[in-house]
Amino acid sequence: MKAVMRRFWDMLSDGRPRVIRRLIMSWIWTILFVTCVGVVLILMNNLSEKSKLTRDTDTVDTVTAVEADSRLCPLVPPNLKGRLKIEKAASTWRELETRYDNVKEGGVYSPNECQSRHKVAIIIPYRDREHHLRVFLNHYHPLLQRQQIQYAIYVIDLAPGSMFNRAMLLNIGFTEASRIDDYGCYIFHDVDFMAEDDRNIYTCSDTEPRHMGVSLDIHKYKLLYPQYFGGTSAMTKEQFMLVNGFSNKFFGWGGEDDDMYYRIKQNKMSISRIESSIARYTMLSHKPDMEMNKDRWSMVKEVKKRWRVDGLNSLQYKVLSINKYKLYTHIKVQINQKEIMKVSATCIAVHVILNTDSTTKYKPTSGPNGHILFT
Ligand code: BGC
């Protein structure tokens with residue numbers, strides 16, 4: 001810089017008086033100084049604008065997040081009652097529809113006061129239990145609403161012509177409900193199971209399938225056996241798909257829930273249960289209307305070689321109608337027992353051929369009440 005200025009001074013020396021040269025030089029210095037100060041000021045201004053912008057955006061983001069969060073329903077619903085009185089008398093359809101006029105067509109509800117943390121499909125396997133259904137709806141609409149759950153109720157009704165198959169109706173319910181909407185949690189629920197306490201929150205656990213029907217009045221409020229997974233259970237979409245849903249092969253009464261227990265174990269998950277003093281249920285009485293499946297324990301023993309090929313991926317059924325009634329979605333379906341047993345048997349044969357180690361390591365032993373335990 002010094003050398004440049006000296007050369008410039010020499011150029012000016014050419015015949016000009018010293019005072020003029022000094023004057024020109026001081027102008028140049030002034031111009032340079034003003035330019036530099038200007039540049040510095042502009043840069044500083046830019047920087048402060050930028051940081052202000054960032055700060056503003058940060059503030060907007062934080063405000064949006066706080067707003068969204070404050071819309072979320074509280075972790076503990078504020079209006080729970082605790083222990084409930086079970087109303088076993090059934091109201092008429094007209095009374096129910098008037099009482100729960102906040103429910104949308106198809107038995108769909110979401111809380112107005114806040115954004116629910118849970119979107120749940122309640123799936124009910126059903127045949128000829130109209131009285132129980134009315135008791136169920138009268139009990140569960142207000143319960144689920146107090147729990148601030150976003151939910152829809154699906155009743156999967158089996159047409160005459162086939163033996164009852166609870167598990168298959170649950171698979172169908174899962175499939176059809178997922179076609180209608182996107183749910184994170186599915187609760188598989190018998191129509192005659194009445195929750196006695198609304199602190200038993202109707203949601204899934206992200207880490208493991210949940211058995212909800214822990215203590216039942218007819219079992220003297222004791223868990224029947226450690227592997228019991230009956231009555232009411234909750235699984236996320238991912239958990240249910242991982243185990244390939246329920247088996248389709250359990251016609252008649254019993255076994256399908258035990259089979260599900262071992263599907264869950266096969267997939268290295270455990271089962272969660274909340275305290276039995278809260279997960280209490282009353283079972284509505286009814287005449288025995290189903291033939292017991294006497295082969296159920298020998299079928300459950302085969303779960304290891306069967307679960308991959310018998311379930312959601314081998315499900316066959318015909319939807320006869322879908323009606324979105326005021327308090328529930330009614331799905332009438334038809335199944336063909338002969339076809340189903342045939343398909344599953346073929347698939348098992350293929351699976352056994354492809355998986356030579358599939359029969360090893362399973363050692364059934366006898367558990368309480370003659371139930372088979374697997375080690
Ligand atoms: C059946 C299950 C049933 C349980 C409780 C078992 O013998 O296999 O399906 O849930 O008894 O009634």
Side-chain angles (χ1 to χ4, degrees), residues 122-127 129 132 136 156 158 162-174 186-196 200 209-235 240 243-266 270-274 276 279-304 306-307 310-311 337 340-341 344 362 364-374:
I122 312 282
I123 314 284
I124 306 168
Y126 179 89
R127 180 187 256 175
R129 295 271 193 95
H132 283 177
F136 182 98
I156 317 302
L158 182 60
S162 159
M163 266 174 99
F164 198 71
N165 184 329
R166 175 179 184 267
M168 205 173 158
L169 294 180
L170 295 175
N171 281 345
I172 298 173
F174 172 85
Y186 294 78
I187 298 199
F188 304 106
H189 211 303
D190 285 355
V191 72
D192 50 9
F193 264 55
M194 300 295 127
E196 290 184 12
N200 181 5
R210 207 180 139 206
H211 179 224
M212 300 179 72
V214 180
S215 56
L216 198 54
D217 59 346
I218 57 158
H219 299 151
K220 300 198 169 58
Y221 296 107
K222 296 241 160 53
L223 182 67
L224 206 51
Y225 48 101
Q227 295 81 3
Y228 180 51
F229 198 64
T232 309
S233 51
M235 292 172 82
F240 196 66
V243 302
N244 195 19
F246 283 92
S247 163
N248 297 313
K249 290 184 58 177
F250 286 79
F251 285 86
W253 183 89
E256 79 295 335
D257 46 353
D258 306 300
D259 185 89
M260 174 53 93
Y261 175 86
Y262 290 109
R263 282 171 185 245
I264 291 168
K265 289 282 151 188
Q266 278 295 296
S270 45
I271 282 171
S272 69
R273 291 191 178 105
I274 61 163
S276 61
R280 289 164 63 99
Y281 285 82
T282 294
M283 196 170 155
L284 300 177
S285 57
H286 60 92
K287 283 190 239 112
D289 52 2
M290 244 194 285
E291 207 180 295
M292 185 182 279
N293 179 355
K294 295 201 186 72
D295 298 331
R296 64 186 189 285
W297 291 114
S298 56
M299 287 167 68
V300 169
K301 270 197 245 171
E302 288 179 341
V303 64
K304 187 178 180 182
R306 188 171 27 78
W307 73 268
D310 165 28
Q337 187 169 348
I340 291 153
M341 295 312 274
S344 303
Y362 238 36
T365 58
S366 223
N369 313 320
H371 291 103
I372 306 292
L373 302 174
F374 289 99

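For ligands, and for the atoms within them, numbers begin at 1 and follow the listed sequence. Residue indices begin at 1 and follow the sequence shown.
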Query raised in the report: Purely on distance, is any nitrogen or oxygen of Glu256 under 3.5 Å from one on ligand 1?
Result: no
Query raised in the report: Quick one: which ligand 1 atoms are inside 4.0 Å of a heavy atom on Trp297?
Result: 7 (O), 8 (O)
Report task. Pull out every atom of ligand 1 sitting under 4.0 Å from any heavy atom of Gly255, numbered as shown with elements. Result -> 1 (C), 2 (C), 8 (O), 9 (O)
Query raised in the report: For atom 12 (O) of ligand 1, which candidate among Phe229, Tyr228, Trp253 holds the nearest heavy atom?
Result: Trp253
Requested in this report: Could you list the atoms of ligand 1 found under 4.0 angstrom from a heavy atom of Asp257?
Outcome: 2 (C), 3 (C), 9 (O), 10 (O)
Query raised in the report: Strictly under 4.0 Å, does any heavy atom of Tyr261 approach an atom of ligand 1?
Result: no
Query raised in the report: Any ion pair linking Asp192 and Arg129 (charged N to carboxylate O, less than 4.0 Å)?
Result: yes
Requested in this report: Using side chain to side chain contact (heavy atoms under 4.5 Å, CB included) as the criterion, point out the one residue from His211, Met260, Arg210 that pairs with Met235.
Outcome: Met260
Requested in this report: Return a yes/no value for His219: is any of its N or O atoms, backbone included, closer than 3.5 angstrom to an N or O of ligand 1?
Outcome: no
Report summary line: If we number the atoms of ligand 1 from 1 as shown, the ones under 4.0 Å from a heavy atom of Asp258 are 1 (C), 2 (C), 8 (O), 9 (O)
Query raised in the report: Atoms of ligand 1 less than 4.0 Å from Tyr225 heavy atoms?
Result: 2 (C), 4 (C), 6 (C), 11 (O)
Report task. For Ala195, enumerate each residue passing the side chain to side chain contact (heavy atoms under 4.5 Å, CB included) test, keeping only those at least two apart in sequence or located in another chain. Result -> His139, Tyr140, Leu143, Tyr202, Tyr281
Requested in this report: Can you sort out the partners of Ser233 under side chain to side chain contact (heavy atoms under 4.5 Å, CB included), two or more places apart, ordered by chain and number?
Outcome: Phe188, Phe229
Query - Per-atom contacts of ligand 1 with Leu224, taking only distances under 4.0 Å to non-hydrogen atoms - result: 5 (C)
Query raised in the report: Below 4.0 angstrom, N of the basic side chain to O of the carboxylate: do Lys249 and Asp259 qualify?
Result: no
Query - Side-chain ion pair, Asp257 and Arg166, N-O less than 4.0 Å - result: no
**Report entry** Side chain proximity check, Met194 to His132, heavy atoms < 4.5 angstrom
**Finding:** no
